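Have a look at the structure below before the remarks.
Computed from a prediction, not measured in an experiment: that's the story for all the values here. For the single chain, residues carry numbers from 1 onward in sequence order.
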Amino acid sequence: MGRVVDALRQGGADVAVVETTGPRDAERLAGLAASGALTDGRIPDAIVASGGDGTINEVVNGLLAAATRSPPGPRLTPLGLIPLGTANVLAAELDLPSGVAELARTLAGAVPRTIHAGRANGRLFTMMAGVGLDAHVVEGVDPGVKRRIGKGAYVLESLAQIARWPSPRYRVITTDAAGHVREHEAASCIVAKGHFYGGRFVCAPDARLDESGFHVCLFEAGGRLAALGYGAALVTGRLARWTEAKGGSGYRVVPAVRVRIEGPVGDPVQGDGDTIARLPVDMETAAPFRVLAPPLRPVSRLP
């Protein structure tokens, strides 16, 4: 982070650095910054989150909460990112440059792009929310192991969860843009805003951040073998071919503007890599916000 800040200052930007001290502190500080409370009443041109997807999630929640409290209308302070976390899925989706100089130029000069977050039981998520196996993995991963081995901690926790996975079923109720309500049953479900998942793995190939709806990924087959198969298909880029390989069933992606998921009461709901809600959960699109990023390019379609 320090090198990017130095590059911004060398380019003439006035940068104030504020450090977090614990969980939800980034959310609190983002709300204060958006109101000018951290800069002598001056509203900053942008607020930059330095960290992983969880930190960014907190900042987005703080920014939009502050916007709704700002009369006479919301002030959508643009969000910039300095990605430092394990997966940095939002940074990948936004196609942010990895070099220090290039990232500083993006933060200083990019035209803000409007994207849409999702809301799960009142809590915002920027990239995805999920129930089932991946939510239990997110909740169960050891923070200490994560700090030591990064993404490997999720692999270890996934194997541990699969070994004892009871294969519950989830009822997923989707409402599309035309108002049609449909019910689905799944072993796991990921409600995607963007097409990347867990880094640069593709889960919902047609999803775009600048669209307000969701792409609901239904993992229909239950059991340990199916869970291992889904994981292998995801990391090898073959998840979109699962339905064809399984004779028309097993994995589907359906569009929706609202989603309700029911299952074991109290089961975790993960959003952007952290537990953000418990079942049952209702999801909808939240207010749009602006990010400092290159123009959004068409997503990569799977062959």
Side-chain angles (χ1 to χ4, degrees), residues 52-54 56-57 60 79 81 83 85-98 113-120 124-135 137-138 151 154 172 174 176-177 184 186 188-220 230-245 250-259 261 269-274 276 283-286 288-303:
D53 289 308
I56 293 166
N57 178 281
V60 170
L79 171 68
L81 308 179
T86 304
N88 297 311
V89 187
L90 181 58
E93 191 80 17
L94 293 173
D95 199 25
L96 290 179
S98 57
R113 305 295 172 183
T114 298
I115 66 175
H116 299 261
R119 192 188 305 274
L124 300 180
F125 60 94
T126 61
M127 280 299 301
M128 87 293 289
V131 302
L133 182 61
D134 86 315
V137 169
V138 165
K151 292 182 181 180
Y154 290 96
V172 182
T174 60
D176 65 18
H184 319 270
S188 286
C189 176
I190 295 172
V191 179
K193 289 296 305 171
H195 76 305
F196 281 141
Y197 171 85
R200 291 184 179 269
F201 303 123
V202 176
C203 186
D206 295 325
R208 287 182 57 93
L209 290 174
D210 57 354
E211 296 175 350
S212 61
F214 301 115
H215 288 238
V216 183
C217 307
L218 301 167
F219 298 80
E220 297 171 322
Y230 284 132
L234 178 65
V235 300
T236 58
R238 297 178 179 274
L239 189 55
R241 301 187 184 97
W242 182 279
T243 298
E244 180 180 347
Y251 176 74
R252 289 188 296 133
V253 181
V254 299
V257 295
R258 290 189 300 279
V259 183
I261 305 178
V269 179
Q270 72 91 1
D272 298 334
D274 284 316
I276 61 170
M283 302 185 195
E284 61 187 0
T285 302
F289 66 100
R290 298 182 296 160
V291 293
L292 299 175
L296 289 175
R297 297 183 298 182
V299 298
S300 300
R301 304 298 190 233
L302 292 178

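Between Leu81 and Leu90 there is a side-chain heavy-atom pair separated by less than 4.5 Å. For the pair Lys193/Phe214, a side-chain contact is recorded, criterion being any heavy-atom separation below 4.5 Å from C-beta on.
Under the rule for a side-chain contact (heavy atoms from CB on, under 4.5 Å), the partners of Val254 that lie at least two apart in sequence or sit in another chain are Thr174, His184, Val216, Leu218, Arg252. Residues satisfying the side chain to side chain donor-acceptor pair (under 3.5 Å) criterion with Asn57, sequence neighbours excluded, are Asn61, Asp272. Considering only residues two or more places apart in sequence or on other chains, Asp134 meets the side-chain contact (heavy atoms from CB on, under 4.5 Å) condition with Ile190, Tyr197, Gln270. Contacts of Ser188 classified as side-chain contact (heavy atoms from CB on, under 4.5 Å), with partners at least two apart in sequence or in another chain: Leu133, Phe219. Under the ring-ring contact (aromatic ring centres under 6.0 Å, His included) criterion, Phe196 pairs with no residue, sequence neighbours left out. Residues satisfying the side-chain contact (heavy atoms from CB on, under 4.5 Å) test with Val291, not counting sequence neighbours, are Leu79, Leu94, Arg113, Ile115, Phe289, Ala293.
Looking only at distances, no side-chain donor or acceptor of Asn88 sits under 3.5 Å from a matching main-chain atom of Gly52.
Heavy-atom minimum distance, Val138 versus Gly273: CG1-O, 3.2 Å. Closest approach of Leu209 to Thr126, counting heavy atoms only: CD2-O, 3.5 Å. Of all non-hydrogen atoms in Gly198 and Val89, the two that sit nearest each other are N-CG2, 3.9 Å. The two residues Val253 and Cys203 come nearest to each other via the heavy atoms CG2-O, 4.3 Å. Heavy-atom minimum distance, Val259 versus Ala256: CG2-CB, 3.9 Å. Shortest non-hydrogen contact noted between Leu239 and Leu234 is CD2-CD1, 3.9 Å.
There is a side-chain donor-acceptor pair under 3.5 Å between Glu93 and His195.
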Start with the C-alpha gap between Val191 and Ile261, add the side-chain angles, then the distance that decides, and say whether side chain to side chain contact (heavy atoms under 4.5 Å, CB included) holds. CA-CA 10 Å; Val191 179; Ile261 305 178; 4.2 Å; yes
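Rounding to the nearest 0.5 Å places CG of Asp210 at 7.0 Å from NE2 of His116.
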